[in-house]
Amino acid sequence: MSNALERRIEPELEQFIQSGTYKRLNYLDSPQAPRARMEGRGEGIILSSNNYLGLSNEPAVVAAGKDALDRFGAGTASVRFICGTFTIHRILEAACARLVGTAASLSFVSAWNANEAVPATMLTEHDLIISDQLNHASIIDAVRLAKAITKCQTAVYQHSDLTDLESKLKAAGDRRVKMVVTDGVFSMEGAVAKLPDLLELCRKYDGVLVVDDSHGTGVLGKHGRGTAEHFGVLGEVDIITSTLGKALGGAAGGFVAASAAVCDYLTQRARPQLFSNALPPTVAASSFASIEYLEHHPERVTALRENARYFRDQLLGLGFRPLPGETPIIPVILGETAAAIRMSDLLLQEGVFVTGFGYPVVPQGQARVRCQVSATHTRQDLDEALAAFRKVGRRLQLI
Ligand SMILES: Cc1ncc(COP(=O)(O)O)c(C=O)c1O
């Protein structure tokens, strides 16, 4: 006998299936890699992972996690300020700050938590937060949370529209703190934020710039130091949030990188710090090993860029119209959600794992398959994936 909640959601689940928007989980039975063993499907070419540098199964990264398990055990069984902080947390946080060019950093169990911590902890009812329209869901929820907790004002500016942002900053003269928040790399578009312009506007109006560089860290800039390095403005962004669950080892975790005062304030007051356990030491150690690896192997970043350029050019050559860009996120817009899921299913039948995204992850009518290449894809991996795209594209009369 189902309860009231189940009676409400069961028809909705059925509706997802009927409309072709139901998400079926695919299970990997081997490490994340350019090719992975997929339960019930055999080996597939993975073109939908954020494992941009291929570090999630890098021997040094795996070994660091194992060593940390031996040295520290599974975890502290406590939140950080009570007795839940290991030396590896301090080592990792120093490395994160060094990597992205800030004075300090503070780790969280996810970038989602890091994003939620910043405005809800740092703002007050006298302040304003202005968010890019296409920001990641964690930022959208962070803004909602900040509004509910602090009673700060909130606003959204049109995607990357500096005129709109400026008018909102101009109108906010009475606000003590004007926080502007943007993705560094927009995860569904692969577009890069106009960081120098955003910095200029923030300086002009005394704003505080927060950049979520989850898809920029390890990816953009000659050394993978992120969107700020890409634009030559390392050290100029007020607050950077990022993930350890993508290019930097791919396990989980995130961090806020900022001044010592901001990180200290978050340590004192951020609720996800005060009331939730820290990153497990295995993950902290693997993440630290990933940063060290990146610092010693800038050629991985170059390889990633070359693979992204190759795949994008070849897709264009086949007649697809991927969104223009320079990042390893390469979306092909298909329109309706069901079309994106259908294309993803057909590609999967050809042994290529590319996820289809529809509403509400992306706006209505802009469903897409999103390809993500890695530094460790070989030309053969990419060419086999492209052959599948040609076959499926013809079948769906897209090319
Ligand atoms: C831009 C952006 N921010 C934050 C996150 C959340 O990262 P995490 O998995 O570390 O919570 C993601 C993950 O999808 C993301 O794409």
Side-chain angles (χ1 to χ4, degrees), residues 23 25 32 46 48-53 55-56 92-93 96 99-100 105-120 129 131-146 156 159-160 180-193 195 198 209-220 226-228 230 237 239-257 270-273 276-280 282-284 286-288 290-291 323 325 327-331 355-357 360-362 368 370-372 374:
K23 297 173 190 63
L25 301 183
Q32 185 64 271
I46 308 293
S48 54
S49 163
N50 304 302
N51 187 21
Y52 294 120
L53 298 173
L55 293 181
S56 63
L92 171 67
E93 286 161 357
C96 291
L99 178 67
V100 304
S105 95
L106 186 66
S107 60
F108 288 77
V109 287
S110 68
W112 187 289
N113 267 13
N115 279 339
E116 279 202 344
V118 172
I129 180 163
S131 174
D132 187 290
Q133 178 196 11
L134 292 189
N135 275 342
H136 186 257
S138 56
I139 300 177
I140 296 171
D141 281 14
V143 171
R144 292 174 177 153
L145 187 69
V156 172
H159 174 50
S160 277
V180 175
V181 57
T182 180
D183 279 7
V185 175
F186 290 86
S187 53
M188 287 295 141
E189 282 63 39
V192 183
L195 201 50
L198 290 167
L209 185 61
V210 181
V211 175
D212 173 354
D213 219 14
S214 291
H215 290 273
T217 308
V219 172
L220 287 186
T227 307
H230 174 77
V237 178
I239 301 178
I240 295 173
T241 64
S242 193
T243 186
L244 301 167
K246 301 190 195 299
L248 299 182
F255 60 91
V256 175
R271 293 167 72 81
Q273 282 287 325
S276 184
N277 277 13
L279 209 56
T282 44
V283 176
S286 285
S287 303
F288 173 60
S290 297
I291 293 175
L323 290 182
T327 69
I329 299 174
I330 307 173
T355 306
F357 291 93
V361 180
V362 296
R368 63 200 65 185
R370 181 184 66 168
C371 313
Q372 288 168 287
S374 158

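Numbering of ligands and ligand atoms starts at 1, following listing order.
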Peer 1: Suppose we screen for side chain to side chain donor-acceptor pair (under 3.5 Å). Which residues come up paired with S287, at least two apart in sequence or across chains?
Peer 2: none

Peer 1: Please identify each residue that fulfils side chain to side chain donor-acceptor pair (under 3.5 Å) with H136, with sequence neighbours left out.
Peer 2: S138

Peer 1: Show the protein residues that qualify under the rule heavy atom under 4.0 Å from an atom of ligand 1, listing them in chain and number order.
Peer 2: S110, A111, W112, N115, H136, S138, D183, S187, D212, S214, H215, T243, K246, G253

Peer 1: Do you know the tightest heavy-atom contact between F108 and A117?
Peer 2: CE2-CB, 3.5 Å

Peer 1: Any side-chain donor-acceptor pair under 3.5 Å between N51 and S374?
Peer 2: no

Peer 1: With distance as the sole criterion, is a donor-acceptor pair present between the side chains of T182 and D132 under 3.5 Å?
Peer 2: no

Peer 1: For D183, what residues pass the side chain to side chain donor-acceptor pair (under 3.5 Å) criterion, not counting sequence neighbours?
Peer 2: none

